[in-house]
**Student:** 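Encoded as structure tokens, here's the structure I'll be asking about.
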Amino acid sequence: MLEVGTKAPEVTLPDQNGEMHSLKDYLGSKVILYFYPRDNTPGCTKQACGFGDRYPQIREKGAVVLGVSKDSVASHKKFEEKYGLPFTLLSDTELSVIKAYDVWKEKKNYGKVSMGVVRTTYLIDEQGVILQAMDKVKAADNPQEMLEIL
């Protein structure tokens with residue numbers, strides 16, 4: 001996990017509409033950058049819908065939400081439409097940003113070891129510096145925690 005107080009690595013990835021987004025586009029706003037394993041899985045859906053439900057309050061506090069997974073642009077589009085998500089989902093199929101943010105880790109599931117995205121949330125300030133870093137977050141609780149931190 002990256003250290004609080006360090007400059008956030010640059011992000012340039014396509015969103016659910018195929019449009020490119022860079023972290024530098026959001027300078028001047030706080031950014032909740034959250035990494036999640038997969039679209040349409042129970043935990044990831046709870047987390048995304050939680051951020052969606054709280055998005056108006058997050059925006060009032062001057063922040064935006066960017067969700068990142070290794071799913072495709074098309075998968076993100078279906079996920080966005082199915083749940084009416086009001087924020088940006090970024091597709092990192094090459095794992096470049098996922099690895100830069102140190103969230104690609106060995107995971108154990110029912111005794112089986114594999115590599116995957118560890119659910120992690122970063123809060124980045126208006127100048128692009130990491131204010132908060134949370135790993136192994138609880139999907140259902142994370143959106144409310146982030147709103148309270150803001």
**Student:** List in chain and number order the residues that pass side chain to side chain contact (heavy atoms under 4.5 Å, CB included) with Thr12, two or more places apart in sequence or in another chain; answer none if no residue qualifies.
**Tutor:** Glu10, Met20, Ser22

**Student:** Using atom types as modelled and distance alone, determine if a side-chain donor or acceptor of Tyr122 lies under 3.5 Å from a backbone N or O of Tyr101.
**Tutor:** yes

**Student:** Distance from Phe35 atom CZ to Arg119 atom CZ, nearest 0.5 Å?
**Tutor:** 13.0 Å

**Student:** Take Tyr83 and Phe79 through the test ring-ring contact (aromatic ring centres under 6.0 Å, His included) and record every step on the way to the result.
**Tutor:** CA-CA 6 Å; Tyr83 295 101; Phe79 191 45; 5.6 Å; yes

**Student:** Do Ser91 side-chain atoms and Asp71 backbone N/O form a donor-acceptor pair below 3.5 Å?
**Tutor:** yes

**Student:** Nearest 0.5 Å, what's the OH-CG distance between Tyr55 and Asp53?
**Tutor:** 13.5 Å

**Student:** Could you walk me through whether Ile124 and Lys30 pass side chain to side chain contact (heavy atoms under 4.5 Å, CB included), step by step?
**Tutor:** CA-CA 6 Å; Ile124 300 167; Lys30 285 189 173 85; over 6 Å; no

**Student:** Testing the basics here: between Val31 and Tyr26, what is the closest heavy-atom pair and its distance to 0.1 Å?
**Tutor:** CG2-CB, 3.6 Å

**Student:** Working to the nearest 0.5 Å, report the span between OH of Tyr34 and CG of Leu89.
**Tutor:** 6.0 Å

**Student:** Quick one: closest heavy-atom pair of Pro86 and Gly52, and the distance?
**Tutor:** CD-CA, 3.6 Å

**Student:** Within a reach of under 6.0 Å around NZ of Lys24, are more than 12 heavy atoms found that belong to other residues, nucleotides or ligands?
**Tutor:** no

**Student:** For a quick test of reading the model, state the closest non-hydrogen atom pair linking Ile98 to Ser69 and the distance between them.
**Tutor:** CD1-C, 4.0 Å

**Student:** Hey, could you give me each pair passing salt bridge (charged side-chain N to carboxylate O under 4.0 Å, His left out) that has a residue in residues 85-99? Not counting sequence neighbours.
**Tutor:** none

**Student:** Using a 6.0 Å cut-off, check whether atom NZ of Lys77 has over 12 heavy atoms from anything other than its own residue.
**Tutor:** yes

**Student:** Of all the heavy-atom pairs spanning Gln127 and Leu27, show the shortest one and how long it is.
**Tutor:** C-CD2, 3.6 Å

**Student:** Show the numbers, then the answer: is there a side chain to side chain contact (heavy atoms under 4.5 Å, CB included) between Gln47 and Tyr36?
**Tutor:** CA-CA 9 Å; Gln47 188 177 23; Tyr36 65 99; 3.9 Å; yes

**Student:** Given side chains that start at C-beta, do those of Glu106 and Met115 come closer than 4.5 Å, heavy atoms only?
**Tutor:** yes

**Student:** Find out whether Cys44 and Pro37 are in side-chain contact, i.e. whether some heavy atom of one side chain is under 4.5 Å from a heavy atom of the other.
**Tutor:** yes

**Student:** Strictly distance-based, threshold 3.5 Å: is any side-chain N or O of Thr120 a donor or acceptor partner for the main-chain N or O of Val118?
**Tutor:** yes

**Student:** If we ignore hydrogens and angles and just use 3.5 Å, is the side chain of Thr6 paired with the main-chain N or O of Glu3 as donor and acceptor?
**Tutor:** yes

**Student:** Given the rule that I, L, V, M, F, W and Y join up when any side-chain heavy atoms are under 4.5 Å apart, are Leu95 and Leu2 in one cluster?
**Tutor:** yes

**Student:** To the nearest 0.5 Å, tell me how far Leu66 CG sits from Leu90 CG.
**Tutor:** 5.5 Å

**Student:** Side-chain contact, heavy-atom cut-off 4.5 Å: Phe87 with Val64?
**Tutor:** no

**Student:** If you draw a 6.0 Å radius around NZ in Lys78, do more than 12 non-hydrogen atoms from other residues or ligands fall strictly inside?
**Tutor:** no

**Student:** Could you pull out every donor-acceptor pair under 3.5 Å between side chains of residues 143-150 and any protein atom, sequence neighbours left out?
**Tutor:**
residue: Gln144; atom: OE1; partner: Arg54; partner atom: NE; Å: 2.7
residue: Gln144; atom: NE2; partner: Glu148; partner atom: OE2; Å: 3.1

**Student:** For residues Ser96 and Leu13, report the shortest heavy-atom separation together with the two atoms involved.
**Tutor:** OG-CD2, 4.5 Å

**Student:** Could you give the distance from CE (Met134) to CG (Asp141), rounded to the nearest 0.5 Å?
**Tutor:** 9.0 Å

**Student:** Identify the heavy atoms of Thr93 and Lys70 that sit nearest to each other, and give their distance.
**Tutor:** CG2-O, 3.5 Å

**Student:** Atom CG in Leu131, atom CG in Asp125: separation rounded to 0.5 Å?
**Tutor:** 4.5 Å

**Student:** Could you walk me through whether Asp15 and Thr88 pass side chain to side chain donor-acceptor pair (under 3.5 Å), step by step?
**Tutor:** CA-CA 6 Å; Asp15 70 7; Thr88 302; 5.1 Å; no

